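Accompanying notes for the structure given below.
All figures in this text were calculated on a predicted structure; none of them were measured in a lab. Throughout, a chain's letter reflects where its sequence line sits, starting with A, and its residues are numbered from 1.
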Amino acid sequence: GDPVPAVWSRNALVMVEEAERGRSMESVAWAQDTRSWGRKWEEERYPEGIKWKFLEHKGPVFAPPYEPLPENVKFYYDGKVMKLSTKAEEVATFFAKMLDHEYTTKEIFRKNFFKDWRKEMTSEEKSTITNLSKCDFTHMSQYFKAQSEARKQMSKEEKQKIKEENERLLKEYGYCVMDNHKERIANFKIEPPGLFRGRGNHPKMGMLKRRIMPEDIIINCSKDSKIPPPPPGHKWKEVRHDNKVTWLVSWTENIQGSIKYIMLNPSSRIKGEKDWQKYETARRLKKCVDKIRNQYREDWKSKEMKVRQRAVALYFIDKLALRAGNEKEEGETADTVGCCSLRVEHIKLHPELDGQEYVVEFDFLGKDSIRYYNKVPVEKRVFKNLQLFMENKQPEDDLFDRLNTSILNKHLQDLMEGLTAKVFRTYNASITLQQQLKELTNPDDNIPAKILSYNRANRAVAILCNHQRAPPKTFEKSMMNLQSKIDAKKEQLADARRELKSAKADAKVRRDEKSKKTVESKKKAVQRIEEQLMKLEVQATDREENKQIALGTSKLNYLDPRISVAWCKKWGIPIEKIYNKTQREKFAWAIDMAEEDYEF
DNA sequence: CCGACTACTTAGTATACCCAGG
DNA sequence: CCTGGGTATACTAAGTAGTCGG
């Protein structure tokens, strides 16, 4: 296999040096501690399930306390001014801040909000405020708009002050020490209270997300570390020392009752190693995917219904990169599905469609309520099986009634160690990128054209994984701007060509050095403008093709970064053209280890 | 096998920020 | 120097998948 990337152990030293250059006593102390821990052990492997041996951090940063509105900002009920209690006012401001958003017009949102708001009211408020439609938040809303406007208009000095305060916070709370590394924490700030905004048609939208207090917080750190003190006058819910998990802080959220965590940044050793491992698992799948494909094709003929369903579902997961589709609690979340949870109503069978045989039409809402719509020709056996699965069922019945993700994953585990449904998405995404890069990269292209090819390869993956985005609000406008830039450039080019022509004619007559030189410089100018024009045109194509497709998600989560690094090395593309700073930090391990001949 | 619980990855959108061009 | 538009980052919701106890 591949060697362990040196980047993590090297980073540890770099981080220590950086800390030592810091001015505050605090950071010097940290640096010294870090170094002594660094001596304790060098990058050793841990026994199964152990995630770390030493963990020290400063605890979370809590949301700023509520600041009551100034006296002159009024709330009106039924046309009359009403002074709200602090608690009721705070919740009202959450609604007022969202007044322009479509959410606040939705029936469920309003109902949930009003119900939770009433819980925060005094008994007098409760008896007065009985109808949300009679509540007038517009003055509050205007006040907040003015506030954010004022924030934009702040002087440079004021903005600088805020920036410095954020930096201070980051420096103090944004890092932890895990073993011999000083690591960046991903989300050290606790989520502030507000109104829950689910995606899609979420039954809980508008509910009050309550303020998290120290008493809700579980701290996880090692016994021999400096345990972070709770804010004065408060206590932690619990301090534990569990080195079988990677999180530093957790609390239970009140909307779904699920646990939220504070964890490390993707640049950290613990996340990076896991990421690397993920792609290694996908590469192991590459070695046996043919066998697995043959196997599930055989299983389409099985006598057992359960086996047939499993085999058809796996075919979808493999061919269409569908998600596994865990069961969800009905009524608790938006109604979305993945492969195993598909219902009869989500597919249509067309024995023939647009000249193709055996077409399956998919139409369902997947993760984040993003619509998956696709017409796919399938093999006859798959088609016949689907007909069988749908026999005597209602639209709302499960398509794969004998199957769930746990059954499927158990089966996959037998086919390959560590294989689960999601590995297929990773595998197919990465292999597609590699193939597309081979196919689309033209060795004679210049760098911008090669990058366009890269983006097209990336886009093929995003389409496969159905990574969509709302077209940016400014899309049309920015396209028009770009087009007028292109037009201007074309005119400039025409001018330059005319000038070149006349310079040539001039040189022919004069036949002197000076006019020859002029021709040369005019030639250069034409070339330069041609290049600029081509760059703009490439940009326009790229942007148009990207209108509704999000490239970021696949780049960050599905594409083995070593493929991209190798491609950059092979074609002499600076890595900065492909990965921004954050991405380079996350993929430091890959940048470190991949050579130009890397094969996924 | 099931449901509850837990830990972790993947996801789109809102907002902050920065820099090119007027 | 200012502005606006485009990119980077922050945010947090919504998935996957494992474990455990009955």
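Note on A:Lys51: only backbone sugar-phosphate atoms sit closer than 4.0 angstrom, heavy atoms only; bases stay farther off. Base contact: A:Arg199 has a heavy atom under 4.0 Å from a base atom. Within 4.0 Å of A:Gly338, counting heavy atoms only, lies no atom of the nucleic acid at all. Heavy atoms of A:Ala334 sit nowhere under 4.0 angstrom from any nucleic acid atom. Within the 4.0 angstrom heavy-atom criterion, only backbone atoms of the sugar-phosphate kind lie near A:Thr246; the bases stay farther away. When heavy atoms are screened at a 4.0 angstrom cut-off, A:Ser406 is found touching no nucleic acid atom at all. Looking at heavy-atom distances under 4.0 Å, A:Pro192 makes contact with sugar-phosphate atoms alone, never a base.
We find that A:Glu280 and A:Arg562 are joined by a salt bridge, their nearest charged nitrogen and carboxylate oxygen being less than 4.0 Å apart. With respect to A:Glu107 and A:Lys111, no salt bridge is recorded, no charged nitrogen being found less than 4.0 Å from a carboxylate O. A:Arg184 and A:Glu585 are not joined by a salt bridge, as no carboxylate oxygen comes within less than 4.0 angstrom of a charged side-chain nitrogen.
When each of A:Thr405 and A:Gly200 is assigned the nucleotide of DNA chain C with its nearest heavy atom, A:Gly200 is the one assigned upstream, toward the 5' end. Both A:Asn580 and A:Asp368 sit near DNA chain C, but only A:Asn580 has its closest nucleotide nearer the 5' end.
Listed nucleotides: B:dC8, C:dT12, B:dG12. Nearest to the side chain of A:His467: B:dG12. Side chain of A:Phe196, nearest nucleotide from B:dA14, C:dG18, C:dA13: C:dA13. When distances are taken from the side chain of A:Lys209 to each of B:dA14, B:dA11, C:dA13, the shortest belongs to C:dA13.
Contact check, A:Tyr261 against C:dT12: no side-chain N or O comes under 4.0 Å of OP1 or OP2.
Between the side chain of A:Lys422 and the base of B:dT10 there is no donor-acceptor pair of N/O atoms closer than 3.5 Å.
Proximity of a side-chain donor or acceptor of A:Asn166 to a complementary backbone N or O of A:Lys163 within less than 3.5 Å is not detected.
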